[in-house]
Amino acid sequence: MKDFNSFHSLLPGGLLCLLLAGACVPAPRDYASWVDPFIGTGGHGHTYPGAVVPNGMIQPSPDTRIDGWDACSGYYYADSTLNGFSHTHVSGTGCADYGDVLLMPTVGPQDVRPVSRESQQLSWASPFSHDREVAEPGYYAVFLDRYGVQAELTSTARAAIHRYTFPEAQDAGFILDLDYSIQHQTNEEMQLEVVSDTEIRGRKKTVYWAFDQYINFYAKFSKPFACTLLTDSVTPPGGDRPLPVAKALLQFPTAQGEQVLVKVGVSAVDMDGARRNVESEIPGWDFDGVRRSARNAWNDWLSRIDIETSVDSVRTIFYTALYHTGMQPNLFTDADGRYLGMDLQPHQGDVADPVYTVFSLWDTFRAFHPLMTLIQPELNQAFLRSLLLKHKEGGILPMWELAGNYTGTMIGYHAASLFADSYAKGQRGFDVQEAYRACLRTAEYDTTGIRCPALVLPCLMPPAKYWKGKIGYVPCDKDNESVAKALEYAYDDWCISQLADALGDDPNRAKYAASAQGYKVYFDPSTRFMRGLDSEGEWRTPFNPRSSNHRNDDYCEGTAWQWTWFVPHDVDGLVGLMGGREAFIGKLDSLFTASSALEGELVSADISGLIGQYAHGNEPSHHIIHLYNYVGQPWRTQELADQVLRTLYAARPDGLSGNEDCGQMSAWYILNSLGFYQVCPGRPVYSVGRPVVDRAVLRLGNDKDLTITVRHNSPENKYVQQVLLNGRELDGPFFSHQDIADGAELEFVMGDRPVK
């Protein structure tokens, strides 16, 4: 492919001239060649480089470490040993789960001695070198130095196929480890069965982030094996109790260069579902054919946005970001239409309208879902239908759903944002009335009828909701993270008020519009920060706006410096609280010029990517640089967008300034690199920033395109001189979704001096 791409890049306009009746036809773009799956695998990006397809159920990927924050995806670029290839992973999260069904090829005696919980390497781990490692969309390969085995992975939506090239050996084989998981999860149930001399299947239930995570697998090998099952309990070194074991040791002889293939399917429903997923999607042993299909699937996903840029790193960052937006939510419906419901029961669904899992709504409501409304509107509405189904089966809309489980992670009830935004943009491929009722349900304190573990219920339905309804605000002595929760409730209630207004429910429109103004209670005019207020109406003391005590103070993964600005639905009201336009600008300026020092008992590691006290590495800050547009200083938005785009994203493993968070960090880059951002999902208005691409075409999913042209673009020319929409100049730094929904031409004229 490299030779073709080199030739293709030399042709004008990307045309491949064919000597067929003088024809000259466009060559298909290989967008996947511009993706680097290693971006985000270093630093604290928490991504993985495995072989997946867009929104795939299965995520075969290498695991290099077991424990610690940077083991969240199982892979960390700084590591030099590899434990094997497991089949389920989460992308860019700050919490770990999954790492199911670990497979490792071996040559020689199979060392399965237990290791201490402090060890990052299993006893059979192999050294590897990045020099002999390849990651591309839909394909991963690495050479395992310990065994002299070349490993290759690719996948379909529900099944993976592995190809291993062995040396000559009488004692080659595999270790299949079912009891393994990332961060030592509790295995409550495990079952491992040898079906034949080429087939193994199994099932387990783990308790961790998802309290009831079920995984079933079926594996078929191209070569017969002899098998030993290890199912005893073993006490690891330094451990105080025996732990259950479920491993299969497979052995066979191999000739030099012999290839052994393995097909693996997974299902949350049962082992038969896992088998059918393999048989329906990989009926043969055509590894290269599956690899080509996976790459084609990614090229289709990536082709939703065509960009032109003279800067190679911008192209790589952009298409890798777009790649990361396709890694989740994940398909949760088997090939036969069955899925595991939020009631943890199998349900018969529709393969044509599948259920999805992995909804990191605290992160993704901000930019990921707004991006999807532009380039994948039908898929985004399928996500919303999945959320409604989870509400129906589980009793409430999820906050952070994983593997059919309420995790109760993070704050707010941002499904309301998704429904309000989609509705406002005219994308209504879901039951609107049911969605509205579900939003009303999640906004009020009511613990009845929710199917979840007892420990999760207070997170799904926290005391903060009770106090909001009882006394009109959230006292800091009655619930943790009170300020952050209250600010997010105010925004989500505004979203509900918008739905109520559209549906003609005047009483609830008035009720939730009033609640949306509740943010004002927390603004302390003496410090000019949002601040904790106790049940006696007194400010929490002492107060330090740069103080952080991770997940155990008045804020959530942030400080007063970052959270004071979270009023996306009423920027004018926040300006008024600050004392007017000039006072607001002065305060906003100070955010970016203040010392980046942080203080506190346990400073949140999520507060990263700092410019002053602006923290781009975590989501609460993501809208802030666009606030300058609301107070007549668009050049400041342009300067800061330029700074973030050019300094806090990079084409290297540590190229993300914080957790990728299921596509949010990347979606921010995509929208802002195109020159705009939606500050307030639910209000279909885009704020103009500073584009870094030279040209872009967004395929809007309705046979219409948004074409963006950037004239005089350069690193020096970071200021917007003029914006034309369909040839007419914008009179302010905003345009509406309706302006572009049916296709449009957006032209930016750039210069090296701000237009004031």
Side-chain angles (χ1 to χ4, degrees), residues 361-362 364-366 369-370 373 381 384 387-388 391 396-399 411-428 430-446 461-462 464-474 482-523 530 563 565-577 620 623 627 630 678-687 734 736-738:
L361 298 184
W362 186 78
T364 58
F365 86 87
R366 305 167 198 267
H369 287 285
T373 65
Q381 290 166 83
L384 299 189
L387 290 171
L388 273 184
H391 154 79
I396 197 169
L397 289 166
M399 297 161 59
I411 60 174
Y413 30 93
H414 298 310
S417 171
L418 273 60
F419 288 116
D421 195 48
S422 186
Y423 186 93
K425 292 172 179 175
Q427 299 174 9
R428 301 166 188 174
F430 54 90
D431 187 329
V432 173
Q433 291 293 339
E434 179 65 22
Y436 178 53
R437 289 192 294 270
C439 291
L440 293 174
R441 167 72 176 89
T442 194
E444 302 299 321
Y445 186 80
D446 180 359
M461 194 57 65
K465 288 186 186 178
Y466 171 81
W467 291 106
K468 181 194 75 161
K470 183 175 179 61
I471 64 174
Y473 73 99
V474 182
S482 61
V483 175
K485 287 176 180 174
L487 294 175
E488 295 204 347
Y489 293 169
Y491 163 69
D492 289 331
D493 285 348
W494 175 85
C495 291
I496 294 172
S497 76
Q498 299 302 292
L499 285 173
D501 186 47
L503 298 175
D505 183 352
D506 288 337
N508 274 320
R509 179 203 57 75
K511 173 183 175 179
Y512 285 95
S515 183
Q517 294 295 303
Y519 71 88
K520 296 177 179 178
V521 173
Y522 307 92
F523 184 77
M530 298 291 182
W563 275 99
W565 310 97
F566 191 76
V567 191
H569 59 290
D570 189 16
V571 178
D572 288 344
L574 183 60
V575 170
L577 281 182
H623 67 294
L627 297 183
Y630 291 78
Q678 189 176 357
V679 169
C680 180
R683 178 178 289 126
V685 172
Y686 300 106
S687 168
F734 300 98
S736 74
H737 180 80
Q738 191 57 46

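All values below were derived from every heavy atom in this structure, side-chain atoms included, with hydrogens, water molecules and symmetry-related copies excluded.
With values rounded to the nearest 0.5 angstrom, L397 atom CG is found 8.5 Å from L361 atom CG.
Between E488 and the choices K468, K465, R366, the salt bridge (charged side-chain N to carboxylate O under 4.0 Å, His left out) rule is met once, by R366.
By the salt bridge (charged side-chain N to carboxylate O under 4.0 Å, His left out) test, K511 is found to be paired with E444, residues two or more places apart in sequence or in another chain being considered. Every residue meeting the salt bridge (charged side-chain N to carboxylate O under 4.0 Å, His left out) condition with R437, not counting sequence neighbours, appears here in chain and number order: E434. Remark: D492 pairs with no residue by the salt bridge (charged side-chain N to carboxylate O under 4.0 Å, His left out) rule, at least two apart or across chains.
No side-chain heavy atom of Y423 sits less than 4.5 Å from a side-chain heavy atom of Q498. Looking at heavy atoms from C-beta onward, H623 lies in side-chain contact with L627 at the 4.5 angstrom threshold.
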Working for ring pair (Phe, Tyr, Trp, His ring centres under 6.0 Å), residues F430 and F419: CA-CA 9 Å; F430 54 90; F419 288 116; 5.3 Å; yes
Going through the checks in order, is the side chain to side chain contact (heavy atoms under 4.5 Å, CB included) test met by L487 and W563? CA-CA 8 Å; L487 294 175; W563 275 99; 4.1 Å; yes
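Of all the heavy atoms in V474 and W467, the pair that sits closest is CA-CB, 4.4 Å. Counting all heavy atoms, side chain and backbone alike, R683 lies closest to Q678 at O-NE2, 3.2 Å.
Side chain to side chain, D431 and Y436 fail the donor-acceptor criterion of an N or O pair below 3.5 Å. Judged by distance alone, the side chains of Y491 and S417 do bring a donor and an acceptor atom under 3.5 Å apart.
Aromatic ring centres of Y489 and Y413: separated by under 6.0 Å.
Ring geometry for H737 against Y686 counts as tilted: the plane angle lies between 30° and 60°, on a 0 to 90° scale.
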